K.L.:
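Below is a structure I'd like to ask you about.
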2 protein chains.
Amino acid sequence: MSASSIRARVRAEMIDEIKAVARRHLATDGANLSLRAVARDMGMVSSAIYRYFPSRDELLTALIIEAYDALGSAVEAADADRDRADLRGRWHAVCRAARGWGLAHPAEYALLYGSPVPGYAAPDATIGPAQRPPLTLIGILRDGFAAGRIEPPPATEPAGPLRADLAELAAQLGGGLPEALLARGMAGWTQLFGLISFELFGRINRALPHRDHYFDHQIALMADLIGLPRPA
Amino acid sequence: MSASSIRARVRAEMIDEIKAVARRHLATDGANLSLRAVARDMGMVSSAIYRYFPSRDELLTALIIEAYDALGSAVEAADADRDRADLRGRWHAVCRAARGWGLAHPAEYALLYGSPVPGYAAPDATIGPAQRPPLTLIGILRDGFAAGRIEPPPATEPAGPLRADLAELAAQLGGGLPEALLARGMAGWTQLFGLISFELFGRINRALPHRDHYFDHQIALMADLIGLPRPA
DNA sequence: GCCGCGTCAAGAGCAGTGCTCTCGATTTTG
DNA sequence: CAAAATCGAGAGCACTGCTCTTGACGCGGC
């Protein structure tokens, strides 16, 4: 009973096709995609969609989770392709992979990291996949710290209640990351998100035509701030 | 003829009231606000709104411009309140003002910096107000550079075509900013945007309850990277 | 084999949306 | 004062998400 026979399989295929068509509409309609339009494209009637997704929000949620997983996989694959000891290479590879995925799937990126839809509350199923990119970055820091190969330049140190917060967060993440290093890693993740968002949402300065170079440089700045060893 | 008499004045008042009501709806409905709902709240019929705004997008544009101006004014006021020579104080004041405005007006912030509405193309009238916050930050760098009081820590230097792009952009901005400094300033602006967005859009780590401290620290990190003189 | 059960697509329908047009009423203008 | 411009209301169109009902189909048990 590898397949609960025909019905279950066509159902799975239908769900996949609905998601594929919806993903296509997402590219043009953005977050406000029309169930009816999706149904029309499939030669169905709108009410038939509800056999597979209880609401439009549920369809969006499915797309969001898939997008998070796609981004996470791309990022983790880029990381895995690099020599574990090449910390800076991994940092750049991960950041470039995230940017590349965003440029290739702008609508899905906007769905993930754009303004939240007012009535829509992200289900718990999304928080896991959503953390894969930042956790990949943190993993690089963890490896570097464990190897004693991170040389952070002098800068403001976290203090007071923030230090305690960071310590607790570091404990949850494991690896014994110092508070200051964790904060700088989060700055790197924030910078990465900001860079991609600015570029995708059209607020990057048009006076910078060489966006690849700009991105690489800004990412390198954050790697410097973190203290990833610079290439010889 | 200070007033083209009654009609012109009530028209202006109507426009203001429509924007005020729409702003209120924005807080709950987000970007997809309903013209009809706004009209209902004003005891009018939806078609009457079209006497004042030719379309929903035009209403949104008006709100966007007002929001940009409000944010820009808040940011510039925070900058002006500080001693011109207190570069780091100005940096923090500007960043805090931006964050404060965003926290106070999350829906409007999302309208400005969230994912762009698919069919909506930002009119030219928005690009001027939109640049006020980053230009304020750049102004701090300009003042600091002119006074020779910026001591950037060693880090990756922009090179190749990026350096030329940055030089051209710096020339447009005036003040003779070095390429590397401009790039770091843009990193600061990117970080600021990312910090506020993460916090507003709910992706800040719940393990960091002291968000004010976190924000201040991350902003200080960027000030360090830029080379703003540290307090004694 | 066949029959009841569960699943499915289709259609009608409801409330809501942006937007257009027309029609009287009011105000401004010549 | 009359002509012209402006205004609010209402009807209407095409669209949306979603619900409910109806009839057709595949499924597992007898």
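Keep in mind it's a predicted model, so treat the numbers as computed, not measured. Naming: A, B, ... by sequence-line order, numbering from 1 per chain.
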K.L.:
Look at B/Ser47 and D/dG8 and indicate whether a side-chain polar atom (N or O) is within less than 4.0 Å of OP1 or OP2.
P.N.:
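Indeed not, no polar side-chain atom of B/Ser47 lies that close.
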
K.L.:
Go through the N and O atoms of the side chain of B/Arg7 and the base of C/dT28, and report whether any donor-acceptor pair is under 3.5 Å.
P.N.:
no

K.L.:
Students often get this wrong, so: under 4.0 angstrom with heavy atoms, is A/Ile49 touching a base, only sugar-phosphate, or nothing?
P.N.:
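A/Ile49: no heavy atom of the nucleic acid under 4.0 Å.
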
K.L.:
Mind telling me whether A/Phe193 and A/Tyr113 have parallel, tilted or perpendicular rings, with 30° and 60° as the class edges?
P.N.:
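Plane angle between 30° and 60°, so tilted.
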
K.L.:
Ignoring backbone atoms, test whether A/Arg11 places a side-chain nitrogen or oxygen under 4.0 Å from the OP1 or OP2 oxygen of C/dC8.
P.N.:
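It does, given that an N or O in the side chain of A/Arg11 lies less than 4.0 Å from OP1 or OP2 of C/dC8.
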
K.L.:
Roughly how many Å is it from CD1 in B/Ile18 to C1' in C/dG18, rounded to a whole number?
P.N.:
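Spelled out: CD1 on B/Ile18 to C1' on C/dG18 is 15 Å.
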
K.L.:
Provide, to the nearest angstrom, the distance between the CG atom belonging to A/Asp29 and the P atom belonging to D/dC15.
P.N.:
14 Å

K.L.:
Assign A/Arg51 to base, sugar-phosphate, or nothing according to its heavy-atom contacts below 4.0 angstrom with the strands shown.
P.N.:
base

K.L.:
Rounding to a whole Å, what distance do you find between A/Met14:CE and C/dT7:P?
P.N.:
16 Å

K.L.:
Students often get this wrong, so: under 4.0 angstrom with heavy atoms, is A/Leu33 touching a base, only sugar-phosphate, or nothing?
P.N.:
sugar-phosphate

K.L.:
I'd like to check B/Asp69 versus B/Arg132 (side-chain heavy atoms, cut-off strictly below 4.5 Å). Are they in contact?
P.N.:
yes

K.L.:
If we ignore angles and hydrogens, is there a donor and acceptor under 3.5 Å between the side chains of B/Ser115 and A/Tyr109?
P.N.:
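There is no such pair (donor and acceptor under 3.5 Å, judged by atom type) between the side chains of B/Ser115 and A/Tyr109.
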
K.L.:
Mark yes or no for a side-chain to base donor-acceptor pair under 3.5 Å between B/Arg36 and C/dG16, with no hydrogen or angle criteria applied.
P.N.:
no

K.L.:
What nucleic acid atoms does B/Phe53 come within less than 4.0 Å of, heavy atoms only: base, sugar-phosphate, or nothing?
P.N.:
nothing

K.L.:
Side-chain N or O of A/Tyr52 less than 4.0 angstrom from OP1 or OP2 on C/dA9?
P.N.:
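Yes, because at least one side-chain N or O of A/Tyr52 sits under 4.0 Å from OP1 or OP2 of C/dA9.
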
K.L.:
Atom CG of B/Leu35 and atom P of D/dA9: how far apart are they, to the nearest Å?
P.N.:
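The distance from CG of B/Leu35 to P of D/dA9 comes to 15 Å, rounded to the nearest Å.
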
K.L.:
Given C/dT17, is OP1 or OP2 found less than 4.0 Å from the side-chain N or O atoms of B/Ser46?
P.N.:
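It does not, given that no N or O in the side chain of B/Ser46 lies less than 4.0 Å from OP1 or OP2 of C/dT17.
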
K.L.:
OP1 or OP2 of C/dT17 versus the side-chain N and O atoms of B/Arg40: is any pair under 4.0 Å?
P.N.:
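Indeed, a polar side-chain atom of B/Arg40 lies that close.
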
K.L.:
Any base atoms under 4.0 Å from B/Ser55, or only sugar-phosphate, or nothing? Heavy atoms, all strands.
P.N.:
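The answer is sugar-phosphate, as B/Ser55 gets under 4.0 Å only of primed atoms, P, OP1 or OP2.
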
K.L.:
Look only at the side chain of A/Ser197 and the backbone of A/Gly194, and say whether a donor-acceptor pair between them is shorter than 3.5 Å.
P.N.:
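A pair under 3.5 Å: no.
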
K.L.:
What does B/Arg56 touch in the nucleic acid at a heavy-atom separation under 4.0 angstrom: a base, only the sugar-phosphate, or nothing?
P.N.:
sugar-phosphate

K.L.:
Let me know the distance between CE of A/Met44 and P of C/dG11, rounded to the nearest Å.
P.N.:
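Rounding to the nearest Å, CE of A/Met44 and P of C/dG11 are 12 Å apart.
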
K.L.:
Describe the nucleic acid contact of A/Met42 in one word from base, sugar-phosphate, nothing, applying a heavy-atom distance below 4.0 Å.
P.N.:
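Since no nucleic acid heavy atom lies under 4.0 Å of A/Met42, the category is nothing.
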
K.L.:
List the steps, then state whether side-chain contact (heavy atoms from CB on, under 4.5 Å) holds for B/Phe53 with B/Ile15.
P.N.:
CA-CA 8 Å; B/Phe53 293 94; B/Ile15 290 183; 3.8 Å; yes

K.L.:
When the distance from CD of B/Glu17 to P of D/dC7 is rounded to whole Å, what number comes out?
P.N.:
15 Å

K.L.:
Mapping B/Gly43 and A/Ala37 onto DNA chain D by nearest heavy atom, which one lands closer to the 5' end?
P.N.:
B/Gly43

K.L.:
Any ion pair linking B/Asp212 and B/Arg99 (charged N to carboxylate O, less than 4.0 Å)?
P.N.:
yes

K.L.:
How long is the line joining CD of A/Glu58 and P of D/dT19, in whole Å?
P.N.:
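Taking atom P of D/dT19 as the reference, CD of A/Glu58 is at 12 Å.
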
K.L.:
Rounded to whole angstroms, how far apart are OH on B/Tyr50 and P on C/dC23?
P.N.:
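Taking OH of B/Tyr50 and P of C/dC23, I get 21 Å after rounding.
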
